[in-house]
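Right, one structure below, let's go through it.
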Number of protein chains: 2
Amino acid sequence: MASDQTRTAILAAAERLYADRGFGDVTLRDIVAEANVNLAAVNYHFGSKDELIAELFITRSIQLNRERLRLLQAAEEAGDGRASIDAILRALVGPTLRGCLGPENQRSTAARFMIRVSIESVPPIRRIRNREIDHLRKFIAAMRRSLPGHSDVELYWGLHFALAMAQQTVRDSERLKKLSEGKCDVDDVDGVIERVVTVAAMALTMGDATSKAPPRMLARDAR
Amino acid sequence: MASDQTRTAILAAAERLYADRGFGDVTLRDIVAEANVNLAAVNYHFGSKDELIAELFITRSIQLNRERLRLLQAAEEAGDGRASIDAILRALVGPTLRGCLGPENQRSTAARFMIRVSIESVPPIRRIRNREIDHLRKFIAAMRRSLPGHSDVELYWGLHFALAMAQQTVRDSERLKKLSEGKCDVDDVDGVIERVVTVAAMALTMGDATSKAPPRMLARDAR
DNA sequence: TTGCATTTCAAACATTTGTATGAAACTATC
DNA sequence: GATAGTTTCATACAAATGTTTGAAATGCAA
């Protein structure tokens with residue numbers, strides 16, 4: 001109980017190093033050097049290197065999921081139990097994008113760490129990832145309430161695509177910047193969020209007003 | 001000149017193992033055992049492990065890019081130099097999705113290897129990735145011809161989102177299957193392609209018919 | 001066959017890695 | 001202030017890994 005000084009120092013140092021240099025070339029020795037603690041401290045406090053990584057990831061994931069759910073609940077309450085699809089999607093992708101985009105020097109270590117996670121994905125993390133599904137189901141449920149009449153399949157695809165656009169933007173924002181020669185402003189976080197939400201919402205609702213939907217979508221929906 | 005038997009045996013074995021077990025836990029010794037060659041053969045023929053990985057990735061990338069460009073050219077010729085945006089997007093995401101989705105036991109080693117690449121992304125590969133930009137510019141050019149009057153920024157975002165949806169579907173098809181309890185048929189490759197193309201095309205053209213566009217998009221476009 | 005270049009092979013090397021050990025230092029309780 | 005429990009530390013361990021080496025084998029031309 002006394003000193004989790006060492007513990008927290010290790011966690012902080014590890015997160016900083018992983019964020020900066022990736023999982024691949026950060027060793028325990030790097031971490032303990034950065035944290036100014038003894039080599040054996042990691043195994044003493046965490047059991048193993050993998051458990052250290054897992055704890056880091058779990059902590060940040062819980063924070064992320066909590067924030068998402070907070071926004072989702074707020075949106076549903078504001079809409080008397082039925083949130084707009086835009087609000088739901090914003091609750092889903094907003095926290096990720098807000099955390100991981102924006103001017104580089106303003107990004108928190110936590111955010112940069114989560115970017116790494118999405119780029120490199122090391123075994124101990126991949127094992128945990130599966131638990132995310134239960135969390136996503138809550139969003140599916142909210143979407144079902146928001147868009148009654150829509151088939152579940154469409155909801156799943158919509159959520160999948162929304163996450164895809166958010167994730168890839170985080171992961172590959174550099175490529176987009178280079179490709180567009182800076183014309184795409186990835187640092188305008190709110191702009192990016194609206195973009196992702198708009199496209200995803202449109203994908204979800206395009207079957208709605210049948211007259212406006214492009215023919216090929218009707219064709220597929222009918223199949 | 002004589003025997004690139006060994007060379008090709010190594011390449012084949014490496015691709016198979018990487019595809020099956022990931023870059024993380026495949027060692028040179030695993031590879032040479034699978035290929036039935038001597039340990040030193042890899043360094044003799046390729047210089048280093050990283051160069052072996054790089055060669056594998058480059059080979060497959062070139063094949064992918066060639067296929068994409070072939071489809072793009074065909075589409076542009078069919079449209080007298082101006083392809084439909086759908087055809088362009090199909091040329092962009094089709095090869096990836098066709099290669100990497102579909103019933104697991106039907107996937108080629110090459111396809112499974114490229115899935116691994118998109119999941120794990122190891123340093124020697126990341127170094128090469130940047131060259132992809134020149135290739136993507138050709139698609140931007142085609143999109144410009146297809147949708148004159150659209151701002152470049154919108155084209156970049158559209159291409160980015162299209163790739164995002166395709167990539168994430170490849171990378172996380174398992175999660176989507178689990179989440180949807182099998183209701184989303186990721187093995188229906190053509191269906192997936194149409195889905196991605198439709199959403200991306202819609203994202204690109206939504207500013208078109210101003211009357212139909214949701215207000216917030218107009219707001220952003222005007223800014 | 002001779003001679004030269006290429007290729008293969010077994011073995012060793014040199015590091016790097018995460019982890020374990022056991023003694024020492026520290027802390028808090030009685 | 002003695003004692004028991006916790007934490008720190010230097011060091012060693014064991015295993016894995018990519019790479020190198022130098023000799024043997026092989027292929028091939030003259």
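Every chain is numbered from 1, with letters handed out A, B, ... down the list of sequences. Worth knowing before you read on, the calculation uses all heavy atoms, side chains too, and leaves out hydrogens, waters and symmetry mates.
Ring geometry for A:Phe23 against A:Tyr18 counts as tilted: the plane angle lies between 30° and 60°, on a 0 to 90° scale.
Within the structure, every side-chain polar atom (N or O) of A:Thr6 is placed at least 4.0 Å from both OP1 and OP2 of D:dT7.
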Given A:Asp185 and A:Arg195, is the salt bridge (Lys or Arg N to Asp or Glu O under 4.0 Å) satisfied, shown in steps?
CA-CA 12 Å; A:Asp185 185 8; A:Arg195 231 170 237 286; over 6 Å; no
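Using a 4.5 Å heavy-atom cutoff, the side chains of B:Glu55 and B:Arg7 are in contact. Counting heavy atoms from C-beta outward, B:Phe139 and B:Arg68 have side chains that approach closer than 4.5 Å.
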Summary of protein contacts for nucleotides 14-26 of chain D, nucleotide by nucleotide, where a base hit scores B, a sugar-phosphate-only hit scores S (4.0 Å, heavy atoms)
---BBBBB-----
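Checked against ring pair (Phe, Tyr, Trp, His ring centres under 6.0 Å), B:Phe161 has the following partners two or more places apart in sequence or in another chain: B:Trp157.
Separating the NE2 atom of A:His45 from the P atom of C:dT19 is a distance of 15 Å, rounded to the nearest angstrom. Summarising the geometry, the separation between CD on A:Gln5 and P on C:dT27 is reported as 10 Å, rounded to the nearest angstrom.
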